[in-house]
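No hydrogens, no waters, no symmetry mates; every other heavy atom, side chains included, goes into these values. For clarity, every value in this text was computed on a predicted model and none was experimentally measured.
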Amino acid sequence: MVVLVFIFILGIGNFAVHKAVLESGHPMLDALPAFYRSRGGRVSLGFEFFLLVAAMLLAGNGWPGMAFAYAIYSLLNFATAWLVLSGRI
């Protein structure tokens with residue numbers, strides 16, 4: 001149960017930074033396919049949701065290492081969002 005709460009909290013953070021990057025208007029976003037950015041990035045946010053649900057399902061069904069993998073993914077997401085939003089990239 002604690003693992004699922006941990007993954008869920010990381011997922012909330014992933015959604016927040018993902019949305020912030022999408023709304024930043026960074027020139028790097030122009031390199032993404034149009035369908036990925038269309039309608040406010042719903043496709044990319046849907047993919048983020050898929051990753052969260054998959055991580056929670058796997059962790060809830062006997063794969064506690066998935067929490068560690070999702071934590072690494074989240075740290076990479078947070079670092080990339082920080083680079084983009086702070087103007088370092």
Side-chain angles (χ1 to χ4, degrees):
M1 181 67 177
V2 174
V3 173
L4 294 178
V5 171
F6 176 70
I7 292 174
F8 185 72
I9 290 170
L10 287 175
I12 291 171
N14 282 327
F15 275 101
V17 297
H18 194 118
K19 187 68 172 173
V21 168
L22 286 174
E23 292 178 352
S24 72
H26 193 277
M28 182 177 63
L29 296 173
D30 293 335
L32 295 174
F35 74 89
Y36 201 71
R37 294 175 310 200
S38 66
R39 295 185 290 162
R42 286 193 180 149
V43 171
S44 62
L45 289 170
F47 181 71
E48 191 74 50
F49 179 73
F50 170 76
L51 288 176
L52 173 61
V53 169
M56 290 180 76
L57 285 172
L58 287 169
N61 286 302
W63 291 53
M66 187 50 64
F68 183 69
Y70 194 75
I72 291 173
Y73 166 75
S74 297
L75 288 174
L76 291 173
N77 254 1
F78 298 152
T80 305
W82 176 73
L83 290 171
V84 169
L85 296 173
S86 66
R88 297 189 193 304
I89 295 183

Out of curiosity, does [Y] fall in the hydrophobic cluster containing [X] (side-chain heavy atoms, cut-off under 4.5 Å, transitive links)?
X: Leu57; Y: Leu4; value: yes
X: Phe15; Y: Phe8; value: yes
X: Phe6; Y: Ile72; value: no
X: Met56; Y: Phe49; value: yes
X: Leu52; Y: Ile12; value: yes

Under the side-chain contact (heavy atoms from CB on, under 4.5 Å) criterion, do Leu29 and Ser24 qualify, and how do the steps go? CA-CA 9 Å; Leu29 296 173; Ser24 72; 4.3 Å; yes
Measure the shortest side-chain to side-chain distance between Trp63 and Val3 over non-hydrogen atoms and say whether it is less than 4.5 angstrom.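 SC-SC contact between Trp63 and Val3 ruled out.
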[X] and [Y]: which non-hydrogen atoms are nearest, and at how many Å?
X: Ser44; Y: His18; answer: OG-NE2, 3.0 Å
X: Asn77; Y: Val17; answer: O-CG2, 4.4 Å
X: Ala71; Y: Leu10; answer: CA-CD1, 3.6 Å

Report the distance from atom OG1 of Thr80 to atom CE of Met28, rounding to the nearest 0.5 Å.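 Answer rounded to 0.5 Å: 8.0 Å.
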Check: Asn14/Tyr70 side-chain N/O donor and acceptor closer than 3.5 Å: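 Result is yes, a qualifying pair exists.
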By the definition side-chain contact (heavy atoms from CB on, under 4.5 Å), identify the one residue from Val2, Ile7, Ile9 that meets it with Val5.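 The option that passes is Ile9.
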Report the C-alpha distance between Leu45 and Leu22 in whole Å, list the side-chain angles of each, state the deciding distance to 0.1 Å, and finish with yes or no for side-chain contact (heavy atoms from CB on, under 4.5 Å). CA-CA 10 Å; Leu45 289 170; Leu22 286 174; 4.2 Å; yes
